[in-house]
Amino acid sequence: MSEQDPNRYDSPAQDPVSGLRETVTAVARAFAGDDSIEPSLDSSPKPEMGDYSSNAAMVMSKALGRPPREVAGELADEIAGRLGESVERTEIAGPGFINLFLADDWYRRAVAGLADPAGGTVPPVEHPERALVESVSANPTGPLTAASGRHAAYGDAVTRLLRATGHQVSTEYYVNDGGSQIENFAASIAARMTGDEPPEDGYRGEYVTDLAERARSERIDPDDLETLARSGVGWMVDSIRASLVGFGVEMDGFFSERSLYDEGLVDRGIEWLREAGHTFERDGALWLRTTDFDDDKDRVLVRSGGEPTYFGADVAYHADKVERGFTRLIDVLGADHHGYIGRMDAAIRAMERPGVEFEVQIMQMIHLVEGGRRTKMSKRAGDIVTLDELLADIGNDAARFFLLQRSADRTMDLDLDLARSQSSDNPVYYVQYAHARIQSILRKAAAEGRGHDPAARTEVPVDRSEKALIDRLLDYPGEVHEAAARRAPHRICAYGTEVAAAFHAFYRDCQVIGAEGEGLEASRLTLCEVTAQTIERSLGLLGISAPDRM
RNA sequence: GCCCCCGUAGCUCAGAUGGAUAGAGCGCCGGCCUUCUAAGCCGGAUGUCGCAGGUUCGAAUCCUGCCGGGGGCGCCA
């Protein structure tokens with residue numbers, strides 16, 4: 001791997017796109033005499049616009065008082081000079097974009113770099129955080145619904161993204177096993193045991209009858225609501241945990257609301273706030289002055305009867321998260337909880353623990369559509385599609401992809417007919433198919449004993465489709481960082497689709513096995529390998545498998 | 001009334017931190033399998049980016065107002 005051997009590539013010290021970006025930025029800053037400017041460097045939208053483009057001239061032309069195209073010309077010369085043989089030529093286009101046309105050699109080297117063990121990996125963020133992602137946290141009074149599935153898939157994918165970018169992340173499910181809903185839940189089970197109708201606002205799903213059956217077989221007294229509540233919640237949590245495991249979502253912990261009381265954590269959490277001087281008493285209740293921290297009105301922590309509110313307990317829970325050393329608390333909540341953000345944010349700030357960041361990711365609603373009609377989803381009425389049913393219906397991979405492909409902050413229609421179809425209609429198979437196709441090529445190559453040294457050189461020009469594919473692969477680290485920073489796994493769905501599309505086009509245009517030209521077959525086999533690797537990693541971030549055969 | 005999300009192709013949606021001729025999938029029309037997987041590829045049609053102003057070299061993107069859809073405003077959880 002040395003420069004003495006002209007038939008081999010050295011592994012680049014760093015990601016080649018970063019190298020380009022640094023050069024462009026350095027040249028632009030020196031030219032403008034301003035270290036604060038951030039010129040862009042993106043792969044060009046169209047081949048005739050070059051391989052990479054920068055707006056460097058446009059962002060400084062105003063300050064320089066010169067026309068952008070004129071500035072661009074001078075910048076382009078300087079950049080081309082610095083990049084040497086990597087750049088073939090430059091062009092000034094449109095309002096003043098600098099378009100870089102890179103040399104084939106740059107592309108071949110980039111592929112060799114991707115094949116390097118350290119190639120194509122995501123560099124860690126500069127300041128890693130200890131984060132706790134709390135998600136799902138659905139009430140343990142019924143099975144997880146398809147909507148919970150969206151939360152689960154999202155929380156899990158965000159966790160994977162954060163870990164991929166170097167953060168230290170734990171995941172947790174908050175179990176609301178206290179409060180009036182649990183009494184209601186127990187009463188509903190009791191009613192089914194004795195053959196009565198559940199209370200007016202009780203739980204009526206069929207699973208309640210099953211729970212009653214089980215309670216009966218365990219000889220629980222229908223009048224013993226306390227035991228019924230504990231047992232019922234326990235069974236539900238077991239079933240919820242099983243559903244999540246089945247979906248490939250691993251929770252590091254299930255945190256019981258009740259345990260907060262049992263271990264005196266509620267008092268302790270509230271004590272923090274009292275000490276900080278942000279509480280007051282009124283009408284016999286203890287309040288948190290959340291209006292000091294931008295909330296609409298003050299909130300009750302402890303009811304006049306002495307019992308903490310849900311909010312009070314949740315404050316204690318979050319105090320405990322801080323206590324455990326997490327510096328970034330990420331709560332994934334449903335849209336119906338958005339009104340809750342203000343007070344929780346206020347509470348965190350009232351704790352006065354510097355360095356602790358709190359954020360809420362709101363998930364909008366999901367509607368299941370079948371035969372062009374929306375299905376109803378009500379947990380109390382038992383008129384729901386459960387996560388288990390959804391998974392049995394469309395499979396884990398399709399469920400993950402469909403639940404994640406839309407931005408979290410918008411309501412979503414999930415077309416069951418489409419998700420169910422094992423055909424080209426289904427976008428998840430489009431991506432997986434690309435991976436399977438590549439594996440098939442690699443299998444064939446291996447069977448024919450065709451070795452391929454990633455460092456082998458070829459002088460054959462890089463095909464246009466090859467170039468487009470390599471461009472997409474080089475985007476990977478940036479895409480992952482972007483998706484992680486913005487808590488936007490749906491971007492990875494889109495990215496995976498782009499890589500697959502670029503591969504399919506490459507497959508059409510470029511013969512791999514038996515490609516004519518010294519070193520070309522080896523080079524393309526390497527490209528296939530790194531493409532498969534990128535697809536597998538991308539799907540992995542979403543919790544989706546990358547099958548070798550389809 | 002106040003707060004949050006959304007309004008982009010027939011449908012479902014990408015395009016946040018301003019950039020070149022606004023994209024993808026589905027659906028529709030027409031092509032491509034004696035070469036590595038046709039779950040693929042290629043071509044075609046469809047848009048006042050909700051409306052109206054503003055900011056500027058440049059706005060789907062930022063600001064203001066309005067219209068429309070969804071959600072939320074408990075000593076419930």
Side-chain angles (χ1 to χ4, degrees), chain A residues 38 40 42 44-46 49 53 55 58-59 61-62 67-68 93-97 99 137 139 141 176 178-182 184 201 257 282-287 296-297 299-305 307-314 334-342 362-365 367 369 372 402 405-415 417-418 421-434 436-445 448 482 486 488 490-491 493-494 497-498 500-501 503-505 507-515 521 524-525 528 549-550:
Chain A
E38 290 282 355
S40 69
D42 302 307
S44 304
K46 309 219 165 174
M49 296 175 181
S53 338
N55 67 355
M58 282 132 77
V59 298
S61 77
K62 190 161 194 176
F97 286 101
N99 292 338
S137 300
N139 289 333
T141 52
N176 299 133
S180 56
Q181 55 168 351
I182 297 298
N184 200 352
D201 54 350
E257 177 187 351
R282 186 205 294 162
D283 306 331
L286 182 71
W287 298 66
D296 304 335
K297 46 185 155 184
R299 310 289 176 172
V300 173
L301 290 167
V302 183
R303 280 180 270 248
S304 46
E307 201 187 336
T309 59
Y310 174 85
F311 176 57
D314 209 15
D336 53 342
H337 284 73
H338 114 266
Y340 194 70
I341 302 173
I362 288 292
M363 304 289 304
Q364 291 295 331
M365 326 241 96
H367 300 105
V369 176
F402 274 80
Q405 71 178 330
R406 305 307 179 200
S407 165
D409 59 12
R410 67 187 285 164
T411 55
M412 178 175 79
D413 282 341
L414 195 165
D415 185 338
D417 300 316
L418 179 60
S421 72
Q422 303 241 336
S423 73
S424 57
D425 302 352
N426 195 328
V428 65
Y429 299 125
Y430 181 81
V431 183
Q432 292 184 321
Y433 182 65
R437 239 182 178 182
I438 295 169
Q439 293 306 330
S440 172
I441 294 173
L442 296 176
R443 272 195 301 274
K444 184 169 183 196
E448 294 176 7
E482 192 77 5
R486 290 160 64 161
H490 74 277
R491 298 177 69 96
C493 289
T497 305
E498 280 176 25
F503 175 76
H504 289 311
Y507 181 89
R508 174 197 68 225
D509 295 336
C510 302
Q511 185 69 27
V512 178
I513 293 173
E521 177 186 275
R524 287 187 174 163
L525 281 170
C528 283
R549 297 169 204 270
M550 288 175 74

Take atom C1' in B:U48 and the same atom in B:G7, then report the distance between them in whole Å. 15 Å
Nucleotide forming a Watson-Crick or wobble pair with B:C41, both distances under 3.5 Å: B:G31
Judged by each residue's nearest nucleotide on RNA chain B, which is more toward the 5′ side, A:D336 or A:S407? A:S407
In whole Å, measure the gap between the P atoms of B:U12 and B:U17 for me. 25 Å
With heavy atoms under 4.0 Å as the rule, sort A:R299 into base, sugar-phosphate or nothing. nothing
Answer with base, sugar-phosphate or nothing: what part of the nucleic acid does A:S440 contact at a heavy-atom distance below 4.0 Å? base
chi for B:C33 classified (syn = within 90 degrees of 0, anti otherwise) as syn
If you measure from the C1' atom in B:G65 to the same atom in B:G25, how many Å do you get, rounded? 36 Å
Look at all strands and tell whether A:E448 reaches a base, only sugar-phosphate, or nothing, counting heavy atoms closer than 4.0 Å. nothing
Scanning all shown strands, the Watson-Crick or wobble mate of B:U21 with both distances under 3.5 Å is none
Between NE2 of A:H490 and P of B:G25 the distance, given in whole Å, is 17 Å
Side chains of A:Q181 and A:N139: do they bring a donor and an acceptor to under 3.5 Å? yes
With the side chain defined as heavy atoms from C-beta on, A:M412 is closest, among B:C5, B:C13, B:C73, to B:C13
Interatomic distance at C1', B:A9 relative to B:C2, whole Å: 36 Å
Tell me: CZ of A:R303 to C1' of B:G74, nearest whole Å? 10 Å
Nucleotide nearest A:R443 (side chain, heavy atoms from C-beta), chosen from B:U37, B:A20, B:U12: B:U37
With a 3.5 angstrom cut-off on both distances, give the Watson-Crick or G-U wobble partner of B:A9, or none if there isn't one. none
Mind checking if A:Y507 touches a base, just sugar-phosphate, or nothing, with heavy atoms under 4.0 Å? base
Just to be sure I understand the rule, does A:T411 reach a base, reach only the sugar-phosphate, or reach nothing, if contact means heavy atoms closer than 4.0 Å? sugar-phosphate
When you get a sec, tell me which of B:A77, B:G19, B:A14 is the closest nucleotide to the side chain of A:A494? B:A14
Length of the CG-C1' vector between A:D314 and B:G74, whole Å: 16 Å
Once you apply a heavy-atom cut-off of 4.0 Å, does A:D283 come out as touching a base, just sugar-phosphate, or nothing? base
Considering only heavy atoms and no angle criterion, is a donor-acceptor pair shorter than 3.5 Å present between the side chain of A:S304 and the base of B:C75? yes
B:A14 phosphate, OP1 or OP2: any side-chain N/O from A:R410 under 4.0 angstrom? yes
Classify A:Q432 by what it touches in the nucleic acid, base, sugar-phosphate, or nothing, heavy-atom distance under 4.0 Å. nothing
Would you classify A:G342 as touching base, sugar-phosphate or nothing, given that sugar-phosphate means primed atoms plus P, OP1 and OP2, and contacts are heavy atoms under 4.0 Å? nothing
Within the pair A:K62 and B:C57, is there a side-chain N or O less than 4.0 Å away from OP1 or OP2? yes
Taking only side-chain N and O atoms of A:Y310, does any of them lie within less than 4.0 angstrom of OP1 or OP2 on B:G74? no
Starting at CD1 of A:I362 and ending at P of B:C6, how long is that distance when rounded to a whole Å? 12 Å
Evaluate the side-chain proximity of A:N55 to A:F97: yes if any heavy-atom separation is below 4.5 Å, no if none is. yes
Within the distance-only criterion (no hydrogens, no angle test), does the side chain of A:T309 pair as donor or acceptor with the backbone N or O of A:V302 below 3.5 angstrom? no
Check whether any side-chain heavy atom of A:M412 sits under 4.5 Å from a side-chain heavy atom of A:F402, and report yes or no. no
Should A:F97 be counted as stacked on B:A20, where stacking needs a ring-centre gap under 5.5 Å and an angle between planes under 30 degrees? yes
Rounded to the Å, how far apart are A:N55 CG and B:C57 P? 15 Å
In whole angstrom, give me the gap between the P atoms of B:C11 and B:C49. 16 Å
Check: A:H338 side chain, B:G71 base, donor-acceptor under 3.5 Å: yes
Does B:C2 pair with anything, Watson-Crick or G-U wobble, both distances under 3.5 Å, and if so, with which nucleotide? B:G72
Short side-chain N/O contact from A:Y429 to OP1 or OP2 of B:U37, under 4.0 Å: no
Taking the six-membered ring for Trp, are A:Y340 and A:H337 parallel (under 30°), tilted (30 to 60°) or perpendicular (over 60°)? perpendicular
OP1 or OP2 of B:A39 under 4.0 Å from side-chain N/O of A:Y433: yes
Can you tell me if A:R410 uses its side chain to pair, donor with acceptor, with the backbone of A:Q364 under 3.5 Å? no
Applying side-chain contact (heavy atoms from CB on, under 4.5 Å) to A:I341 and A:I362, what does each step give before you reach the verdict? CA-CA 9 Å; A:I341 302 173; A:I362 288 292; 3.8 Å; yes
Regarding the side chain of A:N99, the nearest nucleotide among B:G19, B:A20, B:G15 is B:A20
Please tell me which of A:R406 and A:M49 maps to the more 5' nucleotide of RNA chain B, matching each residue to the nucleotide holding its nearest heavy atom. A:R406
Would you mind reading off the distance between A:M365 atom CE and B:C6 atom C1', rounded to a whole angstrom? 13 Å
Compare the aromatic ring of A:H504 with the six-membered base ring of B:A39 and state whether they stack according to the 5.5 Å and 30° rule. no
Figure out the CG/C1' separation between A:D415 and B:U12, and round it to whole Å. 8 Å
Sidechain-backbone polar pair: A:N184 side chain, A:D201 backbone, donor-acceptor under 3.5 Å: yes
Determine the Euclidean distance between corresponding C1' atoms of B:C6 and B:G50; express it in Å to zero decimal places. 11 Å
Between the side chain of A:E521 and the main-chain N/O of A:I513, is any donor-acceptor distance below 3.5 Å? no
What's the closest nucleotide to the A:M58 side chain, out of B:G40, B:A39, B:G19? B:G19
Which one is paired to B:U48, where only Watson-Crick or G-U wobble pairs with both distances under 3.5 angstrom count? none
Checking all strands, does A:A93 fall into the base, sugar-phosphate, or nothing category for heavy-atom contacts under 4.0 angstrom? base
Could you work out the separation of B:U8 and B:C13 based on their P atoms and round it to a whole Å? 10 Å
Name the nucleic acid region contacted by A:H337, choosing base, sugar-phosphate or nothing; use a 4.0 angstrom heavy-atom cut-off, strictly under. base
Reckon A:R508 has a side-chain N or O less than 4.0 Å from the OP1 or OP2 of B:C36? no
Once you round it to whole Å, what is the distance between P of B:C76 and CG of A:N139? 16 Å
Got a sec: does the CZ of A:R549 have more than 12 other heavy atoms crowding it under 6.0 Å? no
Using the P atoms only, state how far B:U61 lies from B:U56, rounded to an integer number of Å. 16 Å
For B:C36, what is the paired nucleotide under Watson-Crick or G-U wobble rules, both distances under 3.5 Å? none
